[in-house]
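This report refers to the structure that appears directly beneath it.
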Amino acid sequence: MADTLPPRLGSSRSKWTLRLIALGYISVIVLVPLYVIFYKTISEGWSTFWAAISSDEAVTAMRLSAECAVASVILNTILGIGLALLLTRYRFRGRRLLGALADLPISVSPIVVGLALVLVYSSTSGWFGKHLDFQVIFALPGMIMATTFVSLPLMLRELVPVLEESGDDMEQAARVLGASGWQQFIRITVPTIRAALAYGIVLTLARSIGEFGAVRIVSGNVQGSGQTQTLPLLIDDKYTNFEPGPYQLSMVLILVTIVAIALTSLRRSKEHA
Amino acid sequence: MSIETRGIVKRFGNFVALDDVDLNVDSGRLTALLGPSGGGKSTLLRIIGGLETPDAGTVRIANVEATGVPAQRRNVGFVFQHYAAFKHLSVYRNVAFGLEIRKRPKDEIRKRVMELLELVHLEQFADRLPAQLSGGQRQRMALARALAVEPSVLLLDEPFGALDAKVRRELRDWLRRLHDDVHVTTVFVTHDQEEALEVSDEIVVINHGRIEQVGSPSDLYDKPANDFVMEFLGPVTRLGGALVRPHDLEIFTEHVDNAVEAEVIRLQRIGFEVRAEFRTKDEQPWAQLTRGQAEALELRPGNRVWVRPVG
C-alpha cells in the first residue's frame, strides 16, 4: 500500500489539473460563446425569434443550405466510399499522392477553394465554364461543388482507417463462397464500415450546413430573386448590417448540428453496449 | 475431385513466387503443401482457389479447365489463416452465407447449416457473433462455412497458424477425423513439418517456388530426395560429411567397423529422450537416445565413444 499510495495521489492530482484545464479551455472557446448566443436569442423574445426565422429570405436561405448539404452528403457518400476503397484496396502508382490530395481541402483555406472553382467554372471567363450551357458559378451547382469539396476529407478520414484495419479477407472469403463484387460490397463491406459511414455522414452534414468561405465566393451572395444566400451567408449579412436576426439564425444552425451529433453518439453508445 | 496444375508461373515484381509448377492431387486425399515461408505454397493454393491469377500455366479442378474461371464459380471451399469470419453476422449466418448467395430455399439452408454446426460441434453457438468465439471455434466455423456449399475441393491456408499449440494439436486430429468422414479432396498449406507428417496422406514439399519432392509422409521422411527435404522434415546432424537423422546413430564404447571416434561433450535429458552431443576430429554430431540406451552405455561427458549411422 505504502508503495502505491504516492503515485496514485499524484496521478489523481494531475488528472484533476488536466480536467480543469480542459474544462477552462472548452468554456472559453465553446461554452461561453454558445451561451451568449443562446442568451441573446432568448432575451430578444420569441416573437423576434419567429420573425427572424420565418422571413422569406431566411426560409429560402435555410432551404438552400439544406439542398446544398443533402446534395453534398450524397455526393460525399458515393465519392468517399469509392475513393476510400481505391486508396485502401488497390496498389497503384500515385496512390500516396492521391491520398495526400484528397486530404488537401482540409488544410487549404475555403476562400482559395472558392476562387479556384470560379477560375475554372465561371461562365464568362472560366477554363471549363465557358463551354458549359448552364451556370455553375453564382448558382446552386457551384455551391454544391464547393461544399462537397471542403467536406470530402471528413468522410475519408472516417472510412480509410476502418477499411485499412479490416483488410479484405472477408471479401475474399465471400468471393470464394460465390458472392459477386456487388454482393461482397453490400453484404460485407457496407456492414463493416457502417458505423464509420454514419459518423462520416454526420460530420459532412454539419460541415456542409455551416460552410461559409467557399460558398461565399462561388455563390456571389445574391439576395432577393435568384437568391444564392445560404444560412451562414445570411447570418453574416445581418450581422454586418446591424439588422435583427443573426443570433436567432445562428441558434438554428447550432441546434441542427447538436441534434446530428447527439444522434450519432446515441448510436455509438448503443453499439458499444 | 482431383486437382491438376501445369507449368504455373507467378511473379510479384522481380520476385519469382512460383516457377513452372506441376502439381497433381488425387481425388479424396488430404494433401499438405509444406515448405518455408515465402516458398510459394500459399500462392499456389490461392491460384488453385482463383484468388490469384497465374502469369502462365493452367489449373484443372475435377478434370475441368478452371484457369480462367473466377473464384465465385470454381466451387472451392477456402479457409484462411485468420479465419476471415464475417464479423457482423452470427455463426449461423456465417455458415449459411454461401447457400444464401446460391438462393437455396430457407428450410434446406436451415437443415444443412444445423448439420454442419453439429459436425464442427458449434450447434449451441449458432446465435453468437464470431467475436464471442475462441480462435479454435472461429476456425471450425470457417470450416463449416467452406463445407456448406459442398465444394469439389477444400483449400486451407495455414489453417492452424494463428492458434496456440494445444488447440492446434486438437484441431489437427479433428481435421484428420473430419476428412475421414467427409472425404472431400483437401489441400492444406503449412510450414510445420510435424503437422504435415501427422495429418496428411501426401506431402508436397515446396521451396523457392519449386516442388522439391512429392510423397507419403514415411517416404519423405525415410527417403528424402535431397538435403533440403531431409533437413526440413525432421532433425538432422552431420557425421562423416553426410546428413543423418540423430535417432539413426549407433553409439559404441569400443572400436567397431565404419564408426567414427568421438568424445562426449554434453548430455541433456528432454523428457523420455537423451540428447548426446559429441566432438569428432572435424564435426560436432549429436544423437537422440532413449534413457535406457544412455544408461546402458554409461555415457558421461569426456568419455571416448565410437559413432556410426544405423544400417
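Quick note on labels: first sequence line is chain A, next is B, and so on, each numbered from 1. None of the values given here were measured: they were computed from a predicted structure.
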* To do: Please check if atom CZ in B:R11 has more than 12 non-hydrogen atoms from other residues, nucleotides or ligands closer than 6.0 Å.
  => no
* Residues A:I188, B:H88; criterion side-chain contact (heavy atoms from CB on, under 4.5 Å); working and verdict -> CA-CA 8 Å; A:I188 306 298; B:H88 57 289; 4.1 Å; yes
* Heavy-atom pairs under 4.5 Å with chain A are the metric here; pick the option from B:R46, B:E100, B:K87, B:R74 that has the most. => B:R46
* Structure fact -> Applying a strict 4.5 Å limit to non-hydrogen atoms, the region of B:V76 in contact with chain A is both
* To do: Could you please state which residues from residues 160-181 of chain A sit under 4.5 angstrom from chain B, measuring non-hydrogen atom to non-hydrogen atom, sorted by number, or 'none'?
  => A:D169, A:M170, A:Q172, A:A173, A:A174, A:R175, A:V176, A:L177, A:G178, A:A179, A:S180, A:G181
* Asked: Side chain, backbone, both or neither: which part of B:F80 has a heavy atom under 4.5 Å from chain A?
  -> side chain
* Asked: Does B:D181 CG have over 12 foreign heavy atoms under 6.0 Å away?
  -> yes
* Hey, which of B:F78, B:Y83, B:F86 has the most heavy atom pairs under 4.5 Å with chain A? -> B:F86
* Asked: Contact part of B:A148 toward chain A, heavy-atom cut-off under 4.5 Å: side chain, backbone, both or neither?
  -> neither
* Answer with side chain, backbone, both or neither: which region of B:R102 has an atom nearer than 4.5 Å to a non-hydrogen atom of chain A? => side chain
* Structure fact -> Ranking B:G98, B:A84, B:A146 by heavy-atom pairs under 4.5 Å to chain A gives rank one to B:A84
* Taking it one step at a time, do B:Q72 and A:Q184 satisfy side-chain contact (heavy atoms from CB on, under 4.5 Å)? -> CA-CA 11 Å; B:Q72 286 95 334; A:Q184 289 163 44; 3.6 Å; yes
* To do: Can you measure from CZ (A:R187) to CD1 (B:I101) and round to the nearest 0.5 angstrom?
  => 4.0 Å
* Asked: Crowded around A:Y90 OH? As in, over 12 foreign heavy atoms under 6.0 Å?
  -> no
